[in-house]
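Reading through the structure tokens given below for one structure.
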Amino acid sequence: MSDPIAELRATLAEAINAAGGDASVMDRVALDPPKDLKFGDLATNAALVSAGSSGLPPRDFAAILGKELEAKLGDSLASWDVAGPGFLNLTLGDAWYLKAAGSVVEAGGQFGSGGSRDLEKVIVEFVSANPTGPLTAAGGRHAAYGDSLARILEFHGNTVDREYYINDAGAQIQRLGLSIIARANGTEVPEDGYSGDYIIELASQIPGAADEEPAEVAQAGIKILVAGIASTLERYGVSFDHWFSEATLHGPDGSSQVTKTCDALQRGGHAFSEDGALWLRTTDLGDDKDRVLVRSDGEPTYFAADIAYHADKLSRGERLIDVWGADHHGYVARMTAAIAALGEDPARLEMVIMQFVNLVEGGTRSQMSKRRGDFVTLDDLLDEIGVDAARWFMLQRSHDTTVDLDLDLARDSSAENPVYYVQYAHARAFSVIAKAGVGVPAIPMPAAELHESEKQLIRRLVSWPAEVAEAATRRAPHRICAYALVLSQEFTAFYRDCRIIGATDTERDFRLVLAAAAQAQIATALGLLGVSAPNEL
RNA sequence: GCCCCCGUAGCUCAGCUGGAUAGAGCGCCGGCCUUCUAAGCCGGAUGUCGCAGGUUCGAAUCCUGCCGGGGGUACCA
């Protein structure tokens, strides 16, 4: 597939070579629209970065590069000049714009896809909320992030598995079982149990809950709760390839995966016994204290099971991405150490730490605790503001910044949400194409001199592949939100300045092509966010 | 104490593997519906980029130290 910016970069690299420089520095070479368009359509620091290898002053080297590009690009390059310490400013000709627009249109919705340098099998594990209650609004941030990241990585060319780790073992499950039984008997839940009203509802759905064993009641409860979580996620547009049960790692005897993993760690010399417990010496591998694998009562810890789980994932994927809540950041060092102790490269596991979502209502933050049953569910949030606004709102901020989600604002002024602006731009594009009634020509026709709004739109459209790469490699879906917004603004400016209906045939055809390209790209961007792109609002 | 995240416009935040006069949304002020969707468009005001040093031709961006806010620091999961 042809990528106009990538082609320009390749030409620039050739020019650097031809000028006697070292093109191996291309990774550090920028080729972007400058902030101020008076500097040209694209500016590059190529000479500043590569002049050293040529022995020439940057400005002189930039001038040589300019001449080389002039020769190679012909009428695609209208003019160039050297500025400041050695920037090379390029003004592109209409010929380049027409060709670039053609490339975008030709690729359609696939434009910008498949650009990943190393195509990896990636396992993204996210949400993995404990199945002890419904999914919370905060869980909606993890779900939106993980799912969108998975979509972006796939679009970028990777194979991605979405995975949910069900913590259906351990002490909290015991607490859940006891809580359900208490409710079934009409009594209060234990001190450290789950007191939310949903437990009462749950108890009524489990026949004979009052008299069963806690473990069995808990498993029945988990089954119902997981089904509920899955159904909420489905509504939210999120689906998983695997629902991995922690319980399957534990076994009745010494043959369980957890036991095998602990054995392997001992054989590797990283585990030791002390105070009746089995420890992993993570301090040898960068952690600040050693961690227990098997408690003195013989029960393996959550950590031990998690190591077994990651060992399993390492056998299935080249790269693992875990999306965790900020309250788990202390877990990063020990998990990294554990991967190393397994004899694997810790770099294969990335842990993305999501900062919190605060729900703000009436100007005060509401604390959320699943244990107390005091929380807003994701379903409630979706009832209030809808899937599109919820996903956009959760995704528009970087994962490492805390989000204040103002419920009053989300409820009362959803029309001000930028997501509607983007959807509106998409609908407008669809509408104007339909209204023109002549279809969309396959190849852009040469128009009269291009309008600045047309050029700006094309510059934006061709920057999509780089933006996708950036969002993928930096694990940053929020960049796609920002991109979609800017693209929509620039489409809207084009829509305002370059009327389609009433223009000459050649102008109309070219503009239809641009409108179609913009519509396709907005739809693609929204698709990566899991937000719908309706044809009319 | 130690560890992680944040501190940029009135508010919420982009920008952060260094680049030319620092951006968006919302809010605020003033205009625009006989013409492709007014869920829109146009114009305007608003900043010691937390503070202090350092590196650099160049720092919101990198380094060091402080200050402020949030979170974590279990033989819980």
Side-chain angles (χ1 to χ4, degrees), chain A residues 27-28 30 32 34-36 38-39 43-45 48-49 58 83-87 89 128 130 132 167-173 175 192 246 274-279 287-289 291-306 325-333 353-356 358 360 365 393 396-406 409 413-425 427-437 473-474 476 478-479 481-483 485-486 489 492-493 495-503 508 511-512 515 536-537:
Chain A
D27 278 349
R28 290 191 292 127
D32 303 303
K35 280 182 212 158
D36 191 332
K38 80 180 180 204
F39 294 124
T44 179
N45 61 352
L48 287 165
V49 172
F87 289 107
N89 297 326
S128 298
N130 288 341
T132 52
N167 301 137
D168 51 2
Q172 64 172 348
I173 299 311
R175 281 201 296 271
D192 56 356
E246 180 192 347
E274 192 174 292
D275 301 332
L278 181 68
W279 299 68
D287 198 4
D288 57 359
K289 58 164 79 161
R291 309 292 173 175
V292 173
L293 291 170
V294 180
R295 291 191 283 263
S296 49
D297 64 5
E299 287 297 311
T301 59
Y302 173 86
F303 181 46
D306 214 16
D327 54 344
H328 278 61
H329 93 262
Y331 205 73
V332 172
I353 301 301
M354 303 292 294
Q355 292 302 312
F356 293 111
N358 294 313
V360 180
R365 290 204 167 105
F393 209 97
Q396 69 174 338
R397 303 303 180 208
S398 164
H399 66 82
D400 58 14
T401 193
T402 307
V403 161
D404 280 340
L405 204 166
D406 188 328
L409 187 72
S413 54
S414 58
E416 268 87 59
N417 194 312
V419 68
Y420 293 106
Y421 180 90
V422 175
Q423 290 180 318
Y424 192 69
R428 261 184 169 167
F430 177 85
S431 169
V432 71
I433 292 167
K435 190 152 275 187
T473 58
R474 292 168 73 151
H478 75 280
R479 286 182 159 263
C481 287
Y483 182 89
L485 195 54
V486 172
Q489 287 169 334
T492 300
Y495 175 86
R496 177 192 70 235
D497 296 332
C498 304
R499 299 188 68 81
I500 290 172
I501 293 167
R508 180 199 62 198
R511 289 168 181 177
L512 279 171
E536 55 185 32
L537 290 180

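Per chain, numbering begins at 1; letters A, B, ... match sequence-line order.
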Nearest 0.5 Å, what's the [atom1]-[atom2] distance between [X] and [Y]?
X        : Y        : atom1 : atom2 : answer
A/Arg479 : A/Arg474 : CZ    : CZ    : 4.5 Å
A/Asp168 : A/Thr132 : CG    : OG1   : 11.5 Å
A/Ile173 : A/Glu246 : CD1   : CD    : 8.0 Å
A/Ile353 : A/His328 : CD1   : NE2   : 8.5 Å

Next on the checklist: Taking Watson-Crick (N1-N3 plus N6-O4 or O6-N4) and G-U wobble (N1-O2, O6-N3), each under 3.5 Å, can you produce the dot-bracket string of RNA chain B? Use [ ] for crossing pairs and | for inter-strand ones.
Outcome noted: (((((((..((((.....[...)))).(((((.......))))).....(((((..]....))))))))))))....
Whole angstrom value for the distance that separates [atom2] of [N] from [atom1] of [X]:
X        : N     : atom1 : atom2 : result
A/Asp497 : B/C36 : CG    : P     : 15 Å
A/Ile173 : B/C76 : CD1   : P     : 15 Å
A/Phe87  : B/C57 : CZ    : P     : 15 Å
A/Gln355 : B/C5  : CD    : P     : 8 Å
A/Arg28  : B/G58 : CZ    : P     : 17 Å
A/His328 : B/A77 : NE2   : P     : 11 Å
A/Arg291 : B/C76 : CZ    : P     : 13 Å
A/Asp327 : B/C3  : CG    : C1'   : 14 Å

Checklist entry - For A/Arg295 and B/C76, is the shortest distance between a side-chain N/O and OP1 or OP2 below 4.0 Å? => result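 Indeed, a polar side-chain atom of A/Arg295 lies that close.
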Checklist entry - Does a side-chain N or O from A/Lys289 land closer than 4.0 Å to OP1 or OP2 of B/A74, or not? => result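 For B/A74, OP1/OP2 do have a side-chain N/O of A/Lys289 under 4.0 Å.
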Inter-nucleotide [atom1] distance ([N], [M]), Å rounded:
N     : M     : atom1 : answer
B/G58 : B/G65 : C1'   : 24 Å
B/G40 : B/C6  : P     : 32 Å
B/U64 : B/A74 : C1'   : 34 Å
B/C49 : B/G23 : P     : 14 Å
B/A60 : B/A20 : C1'   : 15 Å
B/C5  : B/C41 : P     : 37 Å
B/A22 : B/U48 : C1'   : 14 Å
B/U73 : B/A14 : P     : 25 Å

Taking the side chain from [X] and the backbone from [Y], do they hold a donor-acceptor pair closer than 3.5 Å?
X        : Y        : answer
A/Arg291 : A/Lys289 : yes
A/Thr402 : A/Phe356 : no
A/Asp275 : A/Ala277 : no
A/Arg508 : A/Ile501 : no
A/Thr44  : A/Ala30  : yes

Pick base, sugar-phosphate or nothing for [X], based on heavy-atom distances below 4.0 Å to the nucleic acid.
X        : answer
A/Ala30  : nothing
A/Ala171 : sugar-phosphate
A/Leu485 : sugar-phosphate
A/Ile433 : nothing
A/Asp275 : base
A/Phe303 : nothing

Checklist entry - Under 4.5 Å between any side-chain heavy atoms of A/Arg428 and A/Tyr495, yes or no? => result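 When only atoms from C-beta onward are counted, A/Tyr495 and A/Arg428 do touch, with a gap below 4.5 Å.
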Among the nucleotides [options], which one has an atom lying closest to any side-chain atom of [X]?
X        : options             : value
A/Tyr420 : B/G19, B/A39, B/U35 : B/A39
A/His329 : B/C75, B/A20, B/C4  : B/C4
A/Tyr302 : B/U35, B/A20, B/A77 : B/A77

Item to check | Test log, rule salt bridge (charged side-chain N to carboxylate O under 4.0 Å, His left out), inputs A/Asp400 and A/Arg397 | outcome: CA-CA 8 Å; A/Asp400 58 14; A/Arg397 303 303 180 208; over 6 Å; no
Checklist entry - Considering heavy-atom distances to RNA chain B, does A/Asn45 or A/Ile353 have its closest nucleotide positioned more toward the 5' end? => result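 It is A/Ile353 whose nearest nucleotide is closer to the 5' end.
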Checklist entry - More 5' along RNA chain B: A/Phe430 or A/Gly330, using each one's nearest nucleotide? => result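 Result of the comparison: A/Phe430.
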Item to check | For B/C33, glycosidic torsion class - syn if within 90° of 0, otherwise anti | outcome: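 With its glycosidic angle within 90° of zero, B/C33 counts as syn.
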N/O to N/O distances under 3.5 Å, protein versus nucleotides 10-15 of chain B:
{"from": "B/U12", "atom 1": "O2", "to": "A/Arg397", "atom 2": "NH2", "distance (Å)": "3.1"}
{"from": "B/C13", "atom 1": "OP1", "to": "A/Thr402", "atom 2": "O", "distance (Å)": "2.8"}
{"from": "B/C13", "atom 1": "O2'", "to": "A/Arg397", "atom 2": "NE", "distance (Å)": "3.3"}
{"from": "B/C13", "atom 1": "O2'", "to": "A/Arg397", "atom 2": "NH1", "distance (Å)": "2.3"}
{"from": "B/A14", "atom 1": "OP1", "to": "A/Ser398", "atom 2": "N", "distance (Å)": "3.1"}
{"from": "B/A14", "atom 1": "O3'", "to": "A/His478", "atom 2": "NE2", "distance (Å)": "3.4"}
{"from": "B/G15", "atom 1": "OP1", "to": "A/His478", "atom 2": "NE2", "distance (Å)": "2.9"}

So which atom in [X] and which in [Y] form the shortest heavy-atom distance, rounded to 0.1 Å?
X        : Y        : value
A/Gln423 : A/Leu537 : C-CD1, 3.8 Å
A/Phe39  : A/Asn89  : O-CB, 2.6 Å
A/Tyr421 : A/Thr492 : OH-OG1, 3.5 Å

Checklist entry - Under the criteria of a ring-centre distance below 5.5 Å and an interplanar angle below 30°, is A/Phe356 stacked with the base of B/G70? => result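 The base of B/G70 is not stacked with A/Phe356 (the test needs centres under 5.5 Å and planes under 30°).
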Checklist entry - Are a donor atom and an acceptor atom from the side chains of A/Gln172 and A/Asn130 found within less than 3.5 Å of each other? => result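 A/Asn130 and A/Gln172 do have a side-chain donor-acceptor pair below 3.5 Å.
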Checklist entry - For the side chain of A/Ser296 and the base of B/C75, is some donor closer than 3.5 Å to an acceptor across the two? => result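 In this structure, the two groups form a donor-acceptor pair.
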Checklist entry - So does A/Asn89 reach the base of B/A20 with its side chain, donor to acceptor, closer than 3.5 Å? => result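 In this structure, the two groups form a donor-acceptor pair.
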Every protein N/O lying under 3.5 Å from an N/O of nucleotides 41-47 of chain B:
{"from": "B/C41", "atom 1": "OP1", "to": "A/Tyr421", "atom 2": "OH", "distance (Å)": "2.7"}
{"from": "B/C41", "atom 1": "O3'", "to": "A/Arg496", "atom 2": "NH1", "distance (Å)": "2.8"}
{"from": "B/C42", "atom 1": "OP1", "to": "A/Arg496", "atom 2": "NH1", "distance (Å)": "2.4"}

